[in-house]
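Following: one structure in structure tokens, then a few remarks.
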Amino acid sequence: MISLKVYNSLTRNKETFKPLVDGYVGMYVCGPTVSGESHLGHARPYITFDVVYRYLTHLGLKVRYVRNITDAGHFEEEGRVAEDKIATKAVLEKLEPMELVQKYTNLFHWAMLQFNNIPPNIEPTATGHIVEQITMIEKIIADGFAYVVNGSVYFDVNKYHQVFSKKGLPYGILSGRNLEEQLDTTRDLDNQDEKKNKADFALWKKAPPEHIMRWNSPWGKGFPGWHIECSAMATKYLGTQFDIHGGGMDLQFPHHECEIAQSSVCNHIAPVRYWMHNNMITINGRKMGKSYNNVIKLTELFDGTHPLLAQAYHPMTIRFFILQSHYRSTLDFSNEALQASEKALKRLWEAYENLQKISVENNIATDTALDEKINKQIAEFTTFIEDDFNTAKVLANMFEIVPVINAIKNKQLPVNTISSKTIALLQQQFKLFIEDILGLQHQAAHQEKLAGILQLLIDLRKEAKAKKDFVVSDKIRNELAALGILLKDEKDGSVSWSFT
RNA sequence: GGUCCUGUGGCCGAGUGGCUAGGCAGAGCUCUGCAAAAGCUUCUACACCAGUUCGAAUCUGGUCGGGACCUCCA
């Protein structure tokens, strides 16, 4: 029996999670558009849903986690004919579109690895599923919910709304919008004229001659519309209805709303049971996004090259920073906040390492009140994570336990203050939550420090050699060798080192 | 114009009717050759106004501020 509660954007309620098929979970998360580098904002959904994936897996569920790669940019730019984002940039950078796509896909994968995100089980690409998308569009046309104009195909939102409202699936069910109330942003665009109604959205777009990415279709050469890829790939790999669909809140409308419409027409069933949306990362209170020109790229974050950054931040610091807030709240970025996270994570990690070193004997607690309190706090790890993944509260509880761990380690508290049973439980639960569920990992940032330490030893050895104190110089070299570090006196007088 | 979210102490950020959030920063103490670390103690809060209530940061109404979406966007 699962007692996990998740907030469902569709019902705007926390609901007890119940998989469609006992023991299995289908989860689809909107992946990146690989037309550029990922920024801090992008880190959030993938870390958030990584924790979701990890926790569901921990519950013993067999999760199929699908996260797409959008490698066919397709959107409209104001005042111009439809054009392909990726193709445009490719020209600027003098790259093949697929070369560009590969470059940013690789970079994305690298960043995900840095964050210790577990790769999805299936990572389908939009360009690899053109056939499925065309098939889906054909079905929608056959059912009368889409129309062809001049080589493009549009979804008939009004008709959908009329027919599917009766089935409890009005257009706007997810985002809570009324078609009539929307701001009229229609401008004098060629392709806007093609639409019967301004709310209609493209399923397939005719490719203008300069458009590099193009595929044959029953309607001529073109490329898929904005929203169809996710519907096609989710259906293919997770079935006509699946458990969880995740993504950023900014995708709720129109992207996810359109997915519901397309899939409902095609498969005669609403596609998703639980819609989960993470909130935005803001900077000076404003959403981080390309259009606001306020993004901090992940590479800039990791090496500290952005003007707003006082230093480089380790990916684990970013992960921790994100997990310290609830995923449905906005999270405001600042240098100060990241520095706080860096220190906090260090404190947590050191306590965790100290904890694992405490040897468990067979004590009975001398302070039963404290012992009980800690047991309660451990139990709450589960309570909190099951309350819509409240990672902030899980971490807060851990920090409440940290002083006790440190005090025992420093012998400021005797080890038998709390029972050995409690210590063993602590060791096990800290490991489970910190490493397995929150996915925090030991920082590899020590590498730089190690280099500094070795340089110091090399300098000390050099001084000893200069004084012909070979006892000391040999001691340094030999003991380092015993530790697996080889010092090499180069011909030019410099000293290098390597691991043996 | 519509839909929705939000306003917590120096900073970040939990919390949704009574009970310590937590982290970072600040102060004091203990420990300490010095420093650091660590432990203990501690100061700054719940935008404003009104209402409901025995009791509100938490519910209701209003005011003001910030934001998201309605266009690609995590």
Side-chain angles (χ1 to χ4, degrees), chain A residues 9 12 29-33 35-36 38-49 67 70 73-79 83-85 172 175-187 189 192 198-199 201 226-227 246-257 277-282 284-292 295 320-321 323-348 350-351 354 380 384 387 390-413:
Chain A
S9 306
R12 290 157 205 234
V29 175
C30 287
T33 301
S35 61
S38 301
H39 59 72
L40 176 59
H42 296 119
R44 199 173 196 187
Y46 308 127
I47 289 170
T48 298
F49 291 104
R67 187 181 66 206
T70 299
H74 27 239
F75 82 129
E76 289 171 340
E77 224 172 27
E78 282 182 7
E83 68 181 348
D84 188 310
K85 194 180 188 175
S175 55
R177 274 153 217 276
N178 259 319
L179 282 172
E180 301 75 28
E181 288 167 348
Q182 297 312 300
L183 191 67
D184 188 356
T185 52
T186 307
R187 307 215 164 80
L189 303 174
Q192 287 288 343
K198 66 174 194 276
F201 56 91
W226 316 337
H227 315 297
M249 268 183 187
D250 49 354
L251 296 182
Q252 199 171 37
F253 190 91
H255 188 57
H256 293 157
E257 195 72 63
H277 293 99
N278 63 277
N279 214 319
M280 301 292 104
I281 288 182
T282 59
N284 297 321
R286 200 117 222 219
K287 173 186 169 184
M288 188 177 285
K290 259 187 184 166
S291 33
Y292 297 123
V295 301
F320 180 84
F321 171 65
L323 294 178
Q324 257 189 315
S325 69
H326 187 92
Y327 75 92
R328 281 192 289 113
S329 303
T330 53
L331 171 58
D332 201 47
F333 158 87
S334 70
N335 216 9
E336 212 179 341
L338 278 187
Q339 279 173 340
S341 286
E342 185 179 83
K343 287 187 180 170
L345 176 58
K346 181 168 172 282
R347 179 172 155 84
L348 178 66
E350 283 176 3
N354 290 335
E380 282 172 343
F384 293 150
D387 183 15
N390 198 330
T391 54
K393 289 201 87 172
V394 172
L395 286 169
N397 258 32
M398 286 182 178
F399 276 106
E400 297 219 30
I401 301 172
V402 161
V404 177
I405 295 171
N406 286 336
I408 289 174
K409 184 251 176 187
N410 292 342
K411 312 239 190 298
Q412 286 159 316
L413 277 181

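A, B, ... follow the sequence lines: proteins, then strands. Residue 1 opens every chain.
- Using a 4.0 Å heavy-atom criterion, one finds that Leu331(A) contacts the sugar-phosphate atoms exclusively.
- At a cut-off of 3.5 angstrom, the base of rC69(B) holds at least one donor-acceptor pair with the side chain of Arg177(A).
- Using a 4.0 Å heavy-atom criterion, one finds that Asn410(A) contacts the sugar-phosphate atoms exclusively.
- Heavy-atom nearest nucleotides on RNA chain B were determined for Leu395(A) and for Thr282(A), and the one closer to the 5' end corresponds to Leu395(A).
- In this structure, CG of Asp332(A) is placed 11 Å from P of rU8(B), rounded to the nearest angstrom.
- Checking the phosphate oxygens (OP1, OP2) of rC24(B), no side-chain nitrogen or oxygen of Lys346(A) falls inside 4.0 Å.
- A salt bridge does not link Lys346(A) to Glu342(A): none of the charged nitrogens lies less than 4.0 Å from a carboxylate oxygen.
- Using a 4.0 Å heavy-atom cutoff across all strands shown, Arg347(A) reaches sugar-phosphate atoms only and no base atom.
- In terms of phosphate contacts, Asn178(A) brings no side-chain nitrogen or oxygen within less than 4.0 Å of OP1 or OP2 of rG2(B).
- Residue contacts for Gln412(A): at a heavy-atom cut-off of 4.0 Å it reaches a base atom on one of the strands shown.
- The closest side-chain donor-acceptor pair between Arg44(A) and Ser325(A) falls under 3.5 angstrom.
- As judged by a 4.0 angstrom heavy-atom cut-off over every strand, Met398(A) is placed among residues making no nucleic acid contact.
- Within the 4.0 angstrom heavy-atom criterion, only backbone atoms of the sugar-phosphate kind lie near Arg12(A); the bases stay farther away.
- Here rG22(B) is the nucleotide among rA74(B), rG22(B), rC11(B) with the atom lying nearest to any side-chain atom of Ala396(A).
- The residue Ala344(A) sits close only to the backbone: its heavy atoms come under 4.0 Å of sugar-phosphate atoms, none of a base.
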Legend entry - Intermediate values then yes/no, side-chain contact (heavy atoms from CB on, under 4.5 Å), Ser9(A) and Met249(A): CA-CA 9 Å; Ser9(A) 306; Met249(A) 268 183 187; over 6 Å; no

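- Tyr46(A) comes within 4.0 angstrom of the backbone, heavy atoms only, and of no base.
- Among the protein residues, Gly41(A) comes within range of the nucleic acid bases, having at least one heavy atom under 4.0 Å from a base atom.
- Base-pair partner of rU42(B): rG26(B) (Watson-Crick or G-U wobble, both distances under 3.5 Å).
- Between the CZ atom of Arg67(A) and the OH atom of Tyr46(A) there is a distance of 6.5 Å, given to the nearest 0.5 Å.
- Across all strands shown, rU52(B) remains unpaired; no Watson-Crick or G-U wobble contact has both distances below 3.5 Å.
- Across the C1' atoms, rC11(B) and rC46(B) are found 16 Å apart, a figure rounded to whole Å.
- Per the geometry, CZ belonging to Phe333(A) stands 19 Å off C1' belonging to rG66(B), to the nearest Å.
- In this entry the distance linking CG of Asn335(A) with C1' of rA25(B) reads 14 Å, nearest Å.
- Atom NE2 of His42(A) is separated from atom C1' of rC72(B) by 11 Å (rounded to the nearest Å).
- The separation of rU58(B) from rA14(B), taken at their C1' atoms, amounts to 13 Å, rounded to a whole angstrom.
- Note on Lys343(A): a side-chain N or O is less than 4.0 Å away from OP1 or OP2 of rA25(B).
- A straight line from CZ of Phe399(A) to C1' of rC12(B) spans 13 Å, rounded to a whole angstrom.
- Residue Ala337(A) has its side chain nearest to rC12(B) when only rC73(B), rG23(B), rC12(B) are considered.
- Between His42(A) and Ser38(A), the shortest heavy-atom contact is ND1-CA, 3.4 Å.
- Among the protein residues, Tyr292(A) comes within range of the sugar-phosphate backbone only, with heavy atoms under 4.0 Å from sugar or phosphate atoms but none that close to a base.
- Base pairing of rA35(B) is not made with any nucleotide, judged by Watson-Crick or G-U wobble geometry with both donor-acceptor distances under 3.5 Å.
- Taking the C1' atom of each, rC31(B) and rC43(B) are spaced 24 Å apart, rounded to whole Å.
- The residue Met280(A) sits close to a base: some heavy atom pair falls under 4.0 Å.
- When the P atom is compared between rC40(B) and rC48(B), the two are found 33 Å apart, to the nearest whole Å.
- Rounded to a whole Å, the CD atom of Glu400(A) is 10 Å from the P atom of rA21(B).
- Note: NZ (Lys393(A)) to C1' (rU16(B)) measures 10 Å, nearest angstrom.
- Distance from the side chain of His326(A) is smallest to rA14(B) among rG39(B), rA14(B), rA74(B).
- rG1(B) is paired with rC70(B) under the Watson-Crick or G-U wobble criterion, all donor-acceptor distances under 3.5 Å.
- Annotation: rC29(B) and rC12(B) have their C1' atoms spaced 28 Å apart (nearest Å).
- Distance NE2/His277(A) to OG/Ser175(A): 9.5 Å, rounded to 0.5 Å.
- Within 3.5 Å, no donor on the side chain of Lys290(A) pairs with an acceptor on the base of rC72(B), nor the reverse.
- The base-pairing partner of rA47(B), taking Watson-Crick or G-U wobble contacts with both distances under 3.5 Å, is rU63(B).
- Residue contacts for Asn279(A): at a heavy-atom cut-off of 4.0 Å it reaches a base atom on one of the strands shown.
- Looking at heavy-atom distances under 4.0 Å, His255(A) makes no contact with the nucleic acid at all.
- Between the Asn390(A) side chain and the Lys393(A) main chain, a donor and an acceptor come within less than 3.5 Å of each other.
- The nearest heavy atom of RNA chain B to Ala407(A) and to Gln324(A) marks one nucleotide each, and the one closer to the 5' end goes with Gln324(A).
- With both ends at atom P, the span from rU60(B) to rG66(B) equals 23 Å, rounded to whole Å.
- With values rounded to the nearest 0.5 angstrom, Leu331(A) atom CG is found 9.5 Å from Asn279(A) atom CG.
- Checking rA74(B), rA68(B), rC70(B) against the side-chain heavy atoms of Pro254(A) singles out rC70(B) as nearest.
- None of Asn410(A), Val404(A), Ile405(A) except one satisfies the side chain to side chain contact (heavy atoms under 4.5 Å, CB included) rule with Ile408(A); the exception is Val404(A).
- Remark: P of rG22(B) and CD1 of Ile401(A) are 13 Å apart, rounded to the nearest angstrom.
- The residue Gln252(A) sits apart from the nucleic acid: no heavy atom pair falls under 4.0 Å.
- Nucleotide rC19(B) has no partner under the Watson-Crick or G-U criteria, as no pair reaches both atom distances under 3.5 Å.
- One P atom belongs to rA25(B), the other to rU32(B), and the distance between them is 24 Å to the nearest Å.
- Taking atom P in both rG13(B) and rG9(B), one finds a spacing of 11 Å when rounded to whole Å.
- Residue Asn390(A) has a polar side-chain atom (N or O) positioned under 4.0 Å from OP1 or OP2 of rG15(B).
- The two atoms that bring Phe321(A) and Phe333(A) nearest to each other are CZ-CA, 4.0 Å, heavy atoms only.
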